[in-house]
Protein chains: 2
Amino acid sequence: MKPENKPVTEGDKLFPCSCQAVGGVLSRIGDKWSVLVVMLLADGPKRFSELKRAIGTVSQRMLTLTLRGLERDGLVTRTVTPSIPPRVDYELTELGHSLCGPVRGIGDWAFDNHARIEAAQRAFDARQEDAA
Amino acid sequence: MKPENKPVTEGDKLFPCSCQAVGGVLSRIGDKWSVLVVMLLADGPKRFSELKRAIGTVSQRMLTLTLRGLERDGLVTRTVTPSIPPRVDYELTELGHSLCGPVRGIGDWAFDNHARIEAAQRAFDARQEDAA
DNA sequence: CTGTATCCCGGTTGATACTG
DNA sequence: CAGTATCAACCGGGATACAG
């Protein structure tokens, strides 16, 4: 059922199904905060202010937007406790947890290779300066 | 050396090192075309026009920009054959190939779960309409 | 504490035209 | 064929103020 791994192409056209699927997921995990939030929720539920403090540099607006997006995608649940002051907890769904593995794969790759990437960038930039 | 997997946090602060690393990589693979290009190059070198046709909806400008970025990061090599008309081939480096595994992890997850995501979105949107 | 509503800036993208 | 230049449009995202 799954279009098998290697051939992303068939003739000259992309597989529309897998491409759109990947594209959609990528635009979510590619945004500035989603992955961070998912990783923070990986080890248990957290409330809004905890997330905000943990990330530190996120605006209230963007955190709300991010959480709404994740909730809409079925990756997190939102639980309101109507006390005073109100309390809202966010928790990864099973689907959300299942995303952690693949994301960690990227994260580990990034950690293992960022030095090489930065070296490549410096080398590239140096070559550019020579040209100029 | 690698900050071990589960605790993304320590006290209340994020690990700066792994976060920046992941963030940098994510902003690359999170952009609209990089992953697509990497996957297309996974099974062998391709020339500029092949990539352009394969993707179809990418502008010439963005494909050039994407390829430059990947080249700068050391993920692809650019080989110019100064013929008339000129010919330029792009190929994944070893580093580029090593990224394919993790990316495929995300891709497989996306493929396996996009139906559930879309269902969750529809359910969420339906709930919103009720509120209105 | 949590969330919404505005305003606004800057980067990213696409369209188009031009060059080697 | 491959790439650059320019311009305009769009959209993410921050700051701020306000509300429940």
Side-chain angles (χ1 to χ4, degrees), chain A residues 12 23-37 40-41 45-73 76-91 124 127-128 131-132, chain B residues 12 19-20 23-37 40-41 45-73 76-91 124-125 127-129 131-132:
Chain A
D12 255 342
V25 172
L26 246 46
S27 61
R28 162 131 326 288
I29 70 155
D31 77 20
K32 211 170 175 182
W33 308 110
S34 291
V35 166
L36 230 38
V37 170
L40 284 170
L41 292 177
K46 293 203 171 15
R47 37 191 309 193
F48 187 88
S49 47
E50 287 181 288
L51 290 170
K52 177 131 176 45
R53 259 180 305 115
I55 301 180
T57 59
V58 70
S59 66
Q60 194 174 40
R61 170 191 149 82
M62 285 318 297
L63 183 54
T64 301
L65 253 37
T66 300
L67 288 165
R68 282 289 178 288
L70 294 172
E71 188 193 359
R72 189 174 106 100
D73 289 352
V76 306
T77 57
R78 178 170 177 272
T79 319
V80 182
T81 309
S83 53
I84 296 185
R87 173 196 179 102
V88 182
D89 287 271
Y90 293 91
E91 182 170 14
F124 183 92
R127 262 174 277 143
Q128 299 311 76
Chain B
D12 253 340
C19 273
Q20 289 175 190
V25 172
L26 245 47
S27 64
R28 160 125 335 284
I29 71 154
D31 77 20
K32 212 171 175 180
W33 308 111
S34 292
V35 167
L36 229 38
V37 170
L40 283 169
L41 291 178
K46 293 203 171 14
R47 35 191 311 191
F48 186 88
S49 48
E50 288 181 286
L51 290 170
K52 178 134 175 44
R53 258 179 304 116
I55 300 180
T57 58
V58 69
S59 65
Q60 194 176 36
R61 171 190 152 80
M62 285 317 298
L63 183 54
T64 301
L65 254 38
T66 300
L67 288 165
R68 282 292 179 285
L70 293 172
E71 188 194 358
R72 189 173 106 98
D73 289 352
V76 307
T77 57
R78 177 169 177 272
T79 318
V80 182
T81 309
S83 53
I84 296 186
R87 173 196 178 101
V88 181
D89 288 271
Y90 293 91
E91 181 170 14
F124 183 93
D125 294 346
R127 263 173 277 142
Q128 299 310 77
E129 298 217 348

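Order of the sequence lines sets the chain letters (A, B, ...), proteins ahead of strands, with each chain counted from 1. FYI, side chains are in, hydrogens and waters are out, and symmetry mates aren't considered; it's all heavy atoms of this structure.
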Separation of W33(B) CH2 from T57(B) OG1 (nearest 0.5 Å): 3.5 Å
Heavy-atom side-chain proximity of D125(B) to R72(A) below 4.5 angstrom: yes
Approximate separation, where rounding is to 0.5 Å, of D31(A) CG and L26(A) CG: 11.0 Å
4.5 Å side-chain heavy-atom contact, L51(B) and V58(B): no
Could you run down the sub-3.5 Å N/O contacts of the protein with nucleotides 10-15 of chain C?
unit_1  : atom_1 : unit_2 : atom_2 : d
dG14(C) : OP1    : K32(B) : NZ     : 3.2
dG14(C) : N7     : R61(B) : NE     : 3.0
dG14(C) : O6     : R61(B) : NE     : 3.4

Min side-chain heavy-atom separation I55(B)-V37(B) under 4.5 Å: yes
Atom pair CD/CZ of E71(A) and R127(B) - distance to nearest 0.5 Å: 6.5 Å
Student check: side-chain heavy atoms of R28(A) and L70(A) closer than 4.5 Å: yes
Side-chain heavy-atom pair M62(B), L65(B) within 4.5 angstrom cut-off: yes
Along DNA chain D, first and last positions that approach a heavy atom of chain A under 4.0 Å: dG13(D) to dG20(D)
T66(B) vs S34(B) side-chain heavy atoms within contact, under 4.5 Å: yes
Sub-4.5 Å side-chain heavy-atom contact between F48(B) and T64(B): yes
Within residues 83-91 of chain A: residues closer than 4.0 Å to DNA chain C (heavy atoms): P85(A), P86(A), V88(A), Y90(A)
Nearest-Å distance for atom pair CZ/C1', residues R68(A) and dG3(C): 7 Å
